[in-house]
Protein chains: 2
Amino acid sequence: MVNSDPNVGERTRKRVQEVIQALSFQPNMAARGLAAGKTRVLGLVIPVGISSIFSDPYFPLVIQGVSSACNLRGYSIMLWLAEPQFERKTISQIIYNGLIDGVIVLSMLTDDPLIDRLSESNLPFMTIGRHPTNQKINYVDVENRSGAYQGVSYAIETGHRRVACIGGPRNTISGQDRYQGYLEALRDHGRPVLPELIVEGDYSDAGGYQAMTRLLPSKPDAVFAASDAMALAAMRAIQEAGLRVPEDIAIIGFDDIPSAAISKPPLTTVRQPIVQTGKIVAETLIDRIEHPDPEPHRILLPVELVIRASC
Amino acid sequence: MVNSDPNVGERTRKRVQEVIQALSFQPNMAARGLAAGKTRVLGLVIPVGISSIFSDPYFPLVIQGVSSACNLRGYSIMLWLAEPQFERKTISQIIYNGLIDGVIVLSMLTDDPLIDRLSESNLPFMTIGRHPTNQKINYVDVENRSGAYQGVSYAIETGHRRVACIGGPRNTISGQDRYQGYLEALRDHGRPVLPELIVEGDYSDAGGYQAMTRLLPSKPDAVFAASDAMALAAMRAIQEAGLRVPEDIAIIGFDDIPSAAISKPPLTTVRQPIVQTGKIVAETLIDRIEHPDPEPHRILLPVELVIRASC
DNA sequence: TTGATAATTGGGAGCGCTCCCTAAATACCA
DNA sequence: TGGTATTTAGGGAGCGCTCCCAATTATCAA
């Protein structure tokens with residue numbers, strides 16, 4: 001017994017430990033996994049279909065959180081970047097191959113076939129990002145809607161009348177949720193929804209710049225961008241057009257990435273706890289693996305409006 | 001025989017394939033790993049000790065390259081973010097546990113204890129980033145020295161006389177190599193090395209901004225920054241000080257990250273093939289696992305000076 | 001001291017696969 | 001058609017561990 005078997009003598013246990021030390025013995029995980037039926041490995045699936053997605057600082061931070069929780073609990077991470085062409089075959093193959101005790105899926109898209117496959121299986125899994133329809137899926141997400149609501153409300157309450165929106169991609173859940181928050185804030189403050197002030201972005205720097213360029217002729221006096229990357233790019237576009245931030249156009253972002261604090265002016269933004277999200281999703285999944293429990297776990301992490309100088 | 005055993009009848013093979021299809025049978029990788037002594041899993045170790053390191057777009061891109069090569073060759077990736085406090089124990093434990101056929105180590109630091117442990121073992125491994133002393137270690141790296149040399153030479157040849165350097169951290173190999181390139185370019189063009197024009201950065205945005213602020217009083221007319229993140233931040237610092245890029249101070253970066261192309265002015269920088277680096281290191285490692293070969297493999301990938309408007 | 005009970009230990013089966021060796025089937029040639 | 005060479009199929013051992021049960025030893029009360 002290499003492990004701490006509960007009914008093994010104190011003396012024996014000690015001797016075993018000494019021998020382990022002396023030989024610097026490492027149990028073979030493949031054998032252990034085979035015999036015990038559990039490997040202490042978590043799968044982490046990240047879709048990279050959307051081109052810009054991996055240059056976003058979001059993903060590394062999630063990985064960092066997951067990794068940190070796994071280290072603490074003695075788990076390892078198997079990483080798959082799900083390139084679209086592999087989804088059908090490889091992913092499902094890989095997932096059922098007995099190397100993994102559970103899976104975390106970074107679920108951006110509103111319709112991810114992988115999720116359906118997983119819910120049919122009996123492999124424990126959680127998603128980062130809520131599922132739009134299936135109520136039985138366990139997830140961790142941040143309060144995207146409420147965060148956007150807060151940000152846009154703040155813009156309105158600080159006297160801005162034409163608040164534009166650079167949204168996230170429409171086929172992402174977070175993009176939709178943040179857009180909803182924008183809409184609701186407008187409605188609750190009795191403001192009209194003006195189509196010319198709404199542009200779809202792709203969360204990326206380049207996309208934000210382009211979106212702002214298209215927005216400029218409509219003369220917004222504030223912009224809510226669904227990501228900091230886009231917000232910062234929009235700020236650049238505004239300044240290059242000879243306008244001032246926040247005097248001519250105020251900006252509110254979403255994420256609070258490191259560079260948001262040091263832009264000029266510093267970006268007012270909605271902070272989401274990215275590393276924390278990764279940690280919690282991993283912890284919850286490990287809990288569920290070790291103590292199976294049919295109760296759905298749906299966790300919504302709070303966001304926080306960080307007021308700086310851009311609005 | 002689930003695999004394509006070379007001496008198995010054509011008819012039988014076909015029948016086996018059909019049955020596999022019909023049952024959508026998935027071989028258990030743990031069992032296969034145990035029996036065959038190989039798991040088709042690669043370890044990827046990334047140190048996250050340096051705080052800012054994971055917000056750098058470099059790492060995701062390397063992962064992407066490694067992942068892409070692994071997908072092609074039917075390998076999976078086991079990811080470890082090596083938090084410093086785990087290095088001694090966990091990392092070496094994990095690496096010898098039989099779950100892995102080989103390891104890729106993203107080796108930034110000039111003295112990484114993990115590398116020494118690995119070279120004592122007989123686990124195939126490669127590093128990304130050359131090793132400063134041990135000649136027997138297989139690595140893939142980019143031409144950091146020559147890239148910096150090209151960039152700095154270009155600055156000098158375009159008429160700049162006081163070329164400053166915002167270097168990478170001194171305890172990183174790439175930081176040293178790029179600094180060497182800077183020095184050599186200065187020397188080969190008969191320019192003096194002025195200590196007041198040399199500042200150590202940490203590759204990060206914030207570090208670059210701070211470094212530039214310190215550099216400003218020394219009145220450089222050009223700056224070579226060892227990363228684009230620093231270069232972009234330096235550009236901001238210069239512009240905020242009321243100076244123009246490139247008229248007052250020219251800037252040359254290193255990396256060619258996406259935002260380098262859309263900054264204002266667009267950044268002249270040394271492009272390094274990051275995804276490619278990941279691909280090649282994974283491919284080479286897999287080759288070495290499948291066809292052991294004591295010959296050292298040291299690969300230096302070329303870089304390319306991308307001339308845009310900042311210099 | 002003895003018997004009953006509890007704590008501990010050692011041994012064997014088996015996890016699902018690969019590898020190797022032998023037996024059987026088939027092909028080939030005189 | 002018989003015999004040999006060759007291909008193909010099948011069976012068994014074993015990879016290194018965990019789990020479970022039987023055997024052993026220690027513990028305690030009468």
Side-chain angles (χ1 to χ4, degrees), chain A residues 1-43 73-76 78 90 92-103 121-124 286 289-292, chain B residues 1-43 73-76 78 90 92-103 121-124 286 289-292:
Chain A
M1 294 298 136
V2 173
N3 323 295
S4 314
D5 195 306
N7 34 325
V8 84
E10 198 50 53
R11 291 187 303 284
T12 323
R13 189 208 309 295
K14 210 159 188 177
R15 251 186 42 226
V16 169
Q17 294 296 341
E18 277 166 15
V19 174
I20 287 180
Q21 285 289 325
L23 275 59
S24 69
F25 165 86
Q26 276 308 121
N28 180 308
M29 294 310 256
R32 181 179 285 197
L34 220 208
K38 50 191 65 175
T39 56
R40 298 187 78 83
V41 175
L42 255 42
R73 302 283 291 260
Y75 277 69
S76 304
M78 202 113 215
T90 314
S92 91
Q93 274 185 10
I94 283 167
I95 281 170
Y96 297 115
N97 67 11
L99 254 179
I100 271 181
D101 287 350
V103 186
S121 81
N122 47 10
L123 190 72
I286 293 173
I289 289 169
E290 294 179 351
H291 314 286
Chain B
M1 294 299 134
V2 174
N3 322 294
S4 314
D5 194 306
N7 36 324
V8 83
E10 198 49 52
R11 290 186 305 283
T12 323
R13 188 208 311 296
K14 210 160 186 177
R15 251 185 43 226
V16 169
Q17 293 298 340
E18 277 166 16
V19 174
I20 287 181
Q21 285 289 325
L23 277 59
S24 68
F25 165 85
Q26 276 307 120
N28 181 307
M29 294 313 253
R32 182 179 286 197
L34 221 208
K38 50 191 66 174
T39 56
R40 299 187 77 84
V41 175
L42 255 42
R73 302 283 292 260
Y75 277 69
S76 303
M78 201 113 215
T90 312
S92 92
Q93 274 186 10
I94 282 167
I95 281 171
Y96 296 115
N97 67 10
L99 255 179
I100 271 181
D101 286 350
V103 186
S121 81
N122 46 10
L123 189 72
I286 292 173
I289 289 169
E290 294 179 350
H291 314 286

Protein-nucleotides 13-16 of chain D N/O pairs closer than 3.5 Å?
residue	atom	partner	partner atom	Å
D/dC15	O2	B/Ala35	N	3.4

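- Residues A/Ile286 and A/Leu42 meet the side-chain proximity criterion, which asks for heavy atoms closer than 4.5 Å.
- Across the protein-nucleic acid pair, B/Lys38 atom NZ and C/dC17 atom C1' stand 14 Å apart, rounded to whole Å.
- The CG atom of B/Leu99 lies 10.5 Å from the CZ atom of A/Arg32; values are rounded to the nearest 0.5 Å.
- Applying the side chain to side chain donor-acceptor pair (under 3.5 Å) test to A/Glu290 and every residue at least two apart in sequence or in another chain returns A/Arg73, A/Tyr75.
- Taking A/Ser76 as the reference, nothing meets the side chain to side chain donor-acceptor pair (under 3.5 Å) condition, with sequence neighbours excluded.
- The nearest pair of heavy atoms linking B/Asp101 to B/Lys38 is OD1-CA, 3.3 Å.
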